[in-house]
Amino acid sequence: MKHTVVIGAGQAGASLVAKLRALGDTGVITLIGAEHLPPYQRPPLSKAYLLGDMPVERLFLRPEAFYAEHNITLRMGQPVDAIDTAAQTLRLGDEVLAYDDLVLTTGSVPRRLPASIGGDLAGVFTLRDLSDVDAMQPYFTAGKRVVIVGGGYIGLEGAAVAAKLGLDVTVVEMAPRILQRVASAETSDFFRDLHAAHGVKIIEATGLERLIGEDHVTAARLTDGRELPADFVIVGVGITPATNLAQAAGIAIDNGIATDAFGRTSAPHVWAAGDCASFPTHAGRMRLESVPNAIDQAECIAANILGADKAYMPEPWFWSDQFDIKLQIAGLNTGYDSIVTRRTDGAVSFWYYKGAQLLAVDAMNDPRAFMVAKRLLAMGKSPDTALVADPETELKALLK
């Protein structure tokens, strides 16, 4: 009987095995994860879970019983040691497991500060896995001082939770502005003002020289000579695709595990999806770090394993929750040359254009703008910028 093995029990892996069964696959399916818990969602870790508003069981993508009911074998807490693509086997400790199809959904790993600048001191955390959040949660008490290194979405989400809980929060961003890599100056300004209104201190255009402390971090020294006292530090300076296992097996790597348009890697019968995988698009090879991409790409590959021969066509969208603001992003803003601002009834959205072409939208507490923009992008339509900017324009009319 055909055996499909999936390595990586995150959003992509869980979505893929469920889709295989939904599409009628009757073969053996094994889902292997390095963590001891069943597959869980990560976005709430830096939001509701960190705030204490969500119990761990609600993080689970599906009840644990789902996997048994659908004859999916979970192998949790069992990291894979090696893959032999010629023999179509993988090794877990002393056990060798054969596969007919192998899918790599190994996700990504957070970048850490070097030990030479204090990155291995106690009280220094990344914010990626459940274990990360559980380890830092005792520090989230009113009056504690936290320095957050990195002004991207993860860092700002952590800052929002800390501020809500009454901590003294400072965000340090090396780039000229927060969110510089992912958003316009308008979006950066919006979130800088939001955080300032809640007492968060943001220091931009300043790097971290080193963390100070004997065994436990006590302060952060910045490149301008300032020292910020710290009871703990959160490092949010990005993630890298988890490619070590694939690379050791001789599978091609190009900004992640390189796949073709159908999700196949350079090794026969080996596929890849989610944060770890890059894929071809009309704009060049791309890797998307998002829940929607993990789900959609994984489900496309599940269909292809069963013979669909369907190319993956992403429709990127993202979100972030900070204080009472829900940011929803449709599209990719790469290459934009102008921004159109739309303000209505306390909501604001920034529309990214390249010439006359709509590329993306950042919508703050404006779900209508997000949904219309998402549909416009899917349809390949670019509304006139004057209509977008006019608060009297009924957005749905732009779809006609």
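Remember, predicted model here, so these are calculated numbers, not experimental data.
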- To the nearest 0.5 Å, how far apart are OG in Ser15 and CG in Leu61? 7.0 Å
- Below 6.0 angstrom between ring centroids: does that apply to Phe140 and Phe232? yes
- Query: Sub-3.5 Å donor-acceptor pair from the side chain of Ser46 to the main-chain atoms of Gly158, do we have one?
  - Reply: no
- Query: Can you check whether Leu37's main-chain N or O pairs, donor with acceptor, with Glu35's side chain at less than 3.5 Å?
  - Reply: no
- Hey, does the side chain of Arg145 reach the backbone of Ala219 with a donor-acceptor pair shorter than 3.5 angstrom? no
- Can you tell me how far CH2 of Trp317 sits from OG of Ser290, rounded to the nearest 0.5 angstrom? 8.0 Å
- Nearest atoms (heavy-atom pairs only) where Pro280 meets Ala261: CG-N, 3.6 Å
- Item | Test log, rule side-chain contact (heavy atoms from CB on, under 4.5 Å), inputs Ile212 and Glu227 | CA-CA 9 Å; Ile212 299 169; Glu227 288 192 7; 3.5 Å; yes
- Query: Does Thr105 use its side chain to pair, donor to acceptor, with the backbone of Gly8 at less than 3.5 Å?
  - Reply: yes
- Query: Can you check side-chain contact (heavy atoms from CB on, under 4.5 Å) on Val361 and Arg342, steps first, answer last?
  - Reply: CA-CA 10 Å; Val361 172; Arg342 178 181 173 86; over 6 Å; no
- Query: With a 6.0 Å cut-off on ring centres, are Tyr312 and Phe279 close enough?
  - Reply: yes
- Message: I'd like to check the ring-ring contact (aromatic ring centres under 6.0 Å, His included) partners of Tyr353; sequence neighbours left out, ordered by chain and number.
- Response: none
- Message: Could you check whether any side-chain N or O of Thr265 sits under 3.5 Å from a backbone N or O of Val270, counting only pairs where one atom can act as donor and the other as acceptor?
- Response: yes
- Query: Step by step, would you call Lys47 with Asp53 a salt bridge (charged side-chain N to carboxylate O under 4.0 Å, His left out)?
  - Reply: CA-CA 9 Å; Lys47 308 176 187 79; Asp53 293 341; over 6 Å; no
- Query: Are any of the side-chain nitrogens in Arg192 or Glu173 under 4.0 Å away from the carboxylate oxygens of its partner?
  - Reply: no
- Item | Any pair counted as salt bridge (Lys or Arg N to Asp or Glu O under 4.0 Å), so long as it reaches residues 356-365, sequence neighbours left out | none
- Output yes when a side-chain donor or acceptor of Ser188 lies under 3.5 Å from a complementary backbone atom of Arg177, and no otherwise. no
- Task: Verify, without hydrogens or angle tests, whether Asp100 (side chain) and Thr4 (backbone) share a donor-acceptor contact under 3.5 angstrom.
- Result: no
- Task: With rounding to the nearest 0.5 Å, note down the distance linking NE2 in His3 to CG in Leu102.
- Result: 9.5 Å
- Taking only residues two or more places apart in sequence or in another chain, which ones pass side-chain contact (heavy atoms from CB on, under 4.5 Å) with Lys381? Leu376, Met379
- salt bridge (Lys or Arg N to Asp or Glu O under 4.0 Å) contacts touching residues 266-283 (sequence neighbours left out): Arg128-Asp275
- Query: How far does CG of Leu179 sit from CD of Glu186, to the nearest 0.5 angstrom?
  - Reply: 12.5 Å
- Answer yes when Lys164 and Asp321 have at least one side-chain N-carboxylate O distance shorter than 4.0 Å, and no when they do not. no
- Message: Test of understanding: with side-chain contact (heavy atoms from CB on, under 4.5 Å), list the residues that count as partners of Glu69, not counting sequence neighbours.
- Response: Ala65
- Tell me, do Leu90 and Val96 make a side-chain contact under 4.5 Å, heavy atoms counted? no
- Message: I need the Lys354 NZ to Asp337 CG distance, nearest 0.5 Å.
- Response: 7.5 Å
- Hey, is Asp254 close enough to Arg285 for a salt bridge, meaning N to O under 4.0 Å? yes
- Query: Any sub-3.5 Å donor-acceptor pair from Arg111's side-chain atoms to Val235's backbone N or O?
  - Reply: no
- Pair Asp25 + Lys2, salt bridge at N-O below 4.0 Å: no
- Phe60/Tyr40 aromatic ring centres below 6.0 Å: no
- Message: Is it true that Asn304 and Trp271 share a donor-acceptor pair across their side chains at a distance under 3.5 Å?
- Response: no
- Measure from the side-chain N and O atoms of Gln137 to the backbone N and O of Leu50, and report whether any donor-acceptor pair falls under 3.5 Å. yes
- Message: Enumerate the ring-ring contact (aromatic ring centres under 6.0 Å, His included) contacts for residues 147-197, please, sequence neighbours excluded, ordered by first and then second residue.
- Response: His195-Phe323
- Any donor-acceptor pair under 3.5 Å from Asp84 side chain to Ala87 backbone: yes
